[in-house]
Amino acid sequence: MKNQSNQKLSFADLSLPAPLLRALEDTNYTEATTIQSAAIPLLLDGQDIIGYSSTGTGKTAAFGIPAVACVDGALKRPQVLVLSPTRELALQITKELQKFAKYKEGIAVATLYGGASMTDQIRQLKRANIVVGTPGRVMDHMRRRTLKLDEIKMAVLDEADEMLSMGFIEDIQLILSETPEERQTVLFSATMSAPILKIAREFLKNPQTVDVITGQDNQADIKQTYYYVSQHDKQAALTLLLRYSDAQRAMVFCNTKSMVDELSGALRKQGFSAAGLHGDMNQAVRTQVMNRFRTGGTGILIATDVAARGIDVDDVDTVINFDLPQSFEYYVHRIGRTGRAGKQGLSQTLVCNGKQVAVLRSLMRFTGKEIVKQSLPTSADLMNHAVEKTAAELTDMVHQPSGAAAKMLVDQLLCAEGGDSTAYEIACTLAEKLLGGDKAFQSVSTKEEPVRRSTPGQDHKSPMVTVIASIGRNAHITPNHLVGTLAELLDIPGRSIGKIDIREDKSSIGMREDFAMALMHHNTPVRIKGTEVTFTVQKSTRRAPSPVHRRFSGNAKTGKRNQSA
Ligand code: ADP
Ligand code: MG
């Protein structure tokens, strides 16, 4: 059965036990994500589910909240088992579960993964009622009888497709078959495939399918544009776009709280009705800001991604990405706020260097939609726009009776003693006051886009370099994983990647310098088997050692999305 709904609920609507609701109030989550809204009620109701959804959509809480809810804190035996492909993911899940369990008595989580002390894990298992682990280490503990699965009520396969592609299928089958028949089973995967369906048939009972793949279910009609400007012109460009637009409601996104404050202050100073929203503001203030935006009291809302998650305003005319988002999913979320209810939406993105233009290109590939380059409105455009708008307003008013003060002013100007002002001159003076003088229409120039780097593949004379990837044997990868990932990322044939040497916790890859440069310019996190990977250019084999030792940017090191809000 398929349950495809894109409705989002607030956590309060989900009939959660009080300690969980209270724990959620302590997080910055204001509203359940789509997958959470769909999955949590089904799981609380005891059903099995298969969830398809891409990364960053909040799957951990989708199973984590019902998991914590179903555990009996007084019973110190494993009641929930979560299998995860990697140690990093297992640790992340544990952290998230602990957040939800904050106010529920007696919840203890054990995290089991290879390469760490058994003794310590055995100690954790003595009191754990939730177990999160990689299949290999879970099997180890089962063999040693330090992990018993006969009280398991819920089993979760997180990133099941990853676990299968890592060859864990037999382990998973064995583990699940040791758990009670009447358990509830949850399977999450980013992709749908025959082996996934096979596992589902084997271990899930009448599962509900919850399908929310971001980036594909966005059918809204949104015109996506971008403007290339210098870094120091960004704020001026934002002002221009807002001034030039006829939007009743605009959302401006940036990546840090301090930028939210800076922009909202700057815009208010220029007379815009603008308000900022970020995670440092308390809930009461945030609610007030959102309500004012929803009811039209504020025209422009400046927000960070995380803070904006909770807002559900249908009628945003334009979304402006002042900063490029940290992930593609965020971009899709951001622009999804416009173009609702059958209206055409508009997204406008500011970029200020070649690297960001490259990110836009990858974004276009990701979403399959074009993002069109535009020039900022010129002074003449701005002037025409203001004149037309003001003229329309005044024409509407011309036949309305004027008040005594207005008449007095005009009479006085026309009949000023010794004055010889004509009606035309007086009208111009009043208009100047209204429009603000020509200085108000200064524009900012749109930058010329840099000449595109020669497309990898054209430059056959490019020297070879060695790139180090921060992933190795202990993540169970093969050269094929690296080749596949890089070929797809750089849009080159796999055979153009050179020698690969996989070591314990890193790998070296020979590749042409132009490919390596393209890789360094890639701006979004790269995951291989669920682990975020950083790339470093090590050395040039033909030239003198290159000074380039750039880290692949983004938040790759922590393997976490930026949580600056
Ligand atoms: P997935 O497993 O789908 O990749 P995660 O569960 O790791 O996604 O969540 C991605 C990010 O979103 C995490 O940083 C998480 O804390 C955050 N997040 C999850 N649910 C919500 C929510 N309802 N509101 C705000 N942030 C959320
Ligand atoms: Mg996840």
Side-chain angles (χ1 to χ4, degrees), residues 6-14 16 20-21 23-41 43 49-68 82-100 102 132 134 156-163 186-191 210-215 217 255 277-279 283 286 290 303-312 325-334 524-527 529-532 554-555 558-565:
N6 284 322
Q7 233 196 330
K8 284 200 220 170
L9 302 170
S10 86
F11 286 111
D13 295 332
L14 293 172
L16 297 172
L20 270 151
L21 265 181
L24 284 165
E25 276 162 22
D26 285 1
T27 66
N28 53 13
Y29 302 2
T30 45
E31 185 190 44
T33 64
T34 312
I35 186 111
Q36 289 160 8
S37 305
I40 293 174
L43 290 176
I49 66 167
I50 308 181
Y52 295 108
S53 127
S54 41
T55 25
T57 49
K59 289 187 287 290
T60 319
F63 67 76
I65 291 171
V68 171
V82 182
L83 292 179
S84 126
T86 64
R87 153 204 162 124
E88 286 74 18
L89 186 62
L91 287 165
Q92 274 179 35
I93 294 170
T94 297
K95 237 167 98 191
E96 192 93 342
L97 291 174
Q98 280 163 343
K99 269 200 294 197
F100 306 141
K102 189 167 165 193
V132 182
T134 55
V156 181
L157 307 177
D158 194 17
E159 304 204 356
D161 46 348
E162 279 296 326
M163 289 197 283
V186 186
L187 182 156
F188 277 112
S189 170
T191 52
V210 180
D211 189 345
V212 277
I213 299 279
T214 327
D217 61 7
N255 292 346
L277 192 71
H278 60 61
Q283 190 55 46
R286 281 202 276 176
M290 284 191 253
T304 56
D305 292 284
V306 177
R309 279 199 194 218
I311 324 178
D312 204 11
Q326 313 267 350
S327 78
F328 289 176
E329 280 90 359
Y330 278 153
Y331 179 86
V332 174
H333 263 130
R334 287 180 180 185
T524 46
V526 176
R527 277 170 165 256
K529 298 203 140 212
T531 305
E532 290 203 12
N555 313 308
T558 54
K560 276 191 112 177
R561 221 170 281 291
N562 183 309
Q563 285 288 303
S564 55

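One-based numbering, in listed order, for ligands and for the atoms of each.
The shortest N or O to N or O distance between Tyr29 and ligand 1 is under 3.5 Å. Between Lys59 and ligand 1, a contact under 3.5 Å exists for at least one N or O pair. At under 3.5 Å, not a single nitrogen or oxygen of Phe11, backbone or side chain, sits near a nitrogen or oxygen of ligand 1.
Distances below 4.0 Å separate heavy atoms of Thr33 from the following atoms of ligand 1: 20 (N), 21 (C), 22 (C), 23 (N). Each of the atoms 22 (C), 23 (N), 24 (N) of ligand 1 lies under 4.0 Å from some heavy atom of Glu31. Distances below 4.0 Å separate heavy atoms of Thr60 from the following atoms of ligand 1: 2 (O), 5 (P), 6 (O), 7 (O).
The distance from atom CZ of Arg527 to atom CD of Glu88, rounded to the nearest 0.5 Å, is 9.5 Å. Distance check, rounded to the nearest 0.5 Å: CD1 of Ile93 to NZ of Lys59 gives 10.5 Å.
Using a 4.0 angstrom heavy-atom cutoff, Gln92 does not count as in contact with ligand 1.
When all heavy atoms of Asp158 and Phe188 are compared, the pair lying nearest together is OD1-CB, 3.8 Å. When all heavy atoms are compared, the tightest approach of Ala23 to Lys99 is CB-O, 3.5 Å.
Remark: side-chain polar atoms of Glu159 are not paired, donor with acceptor, to backbone N or O of Gly530 under 3.5 angstrom.
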Step-by-step side chain to side chain contact (heavy atoms under 4.5 Å, CB included) determination, Leu14 to Ile65
CA-CA 11 Å; Leu14 293 172; Ile65 291 171; over 6 Å; no
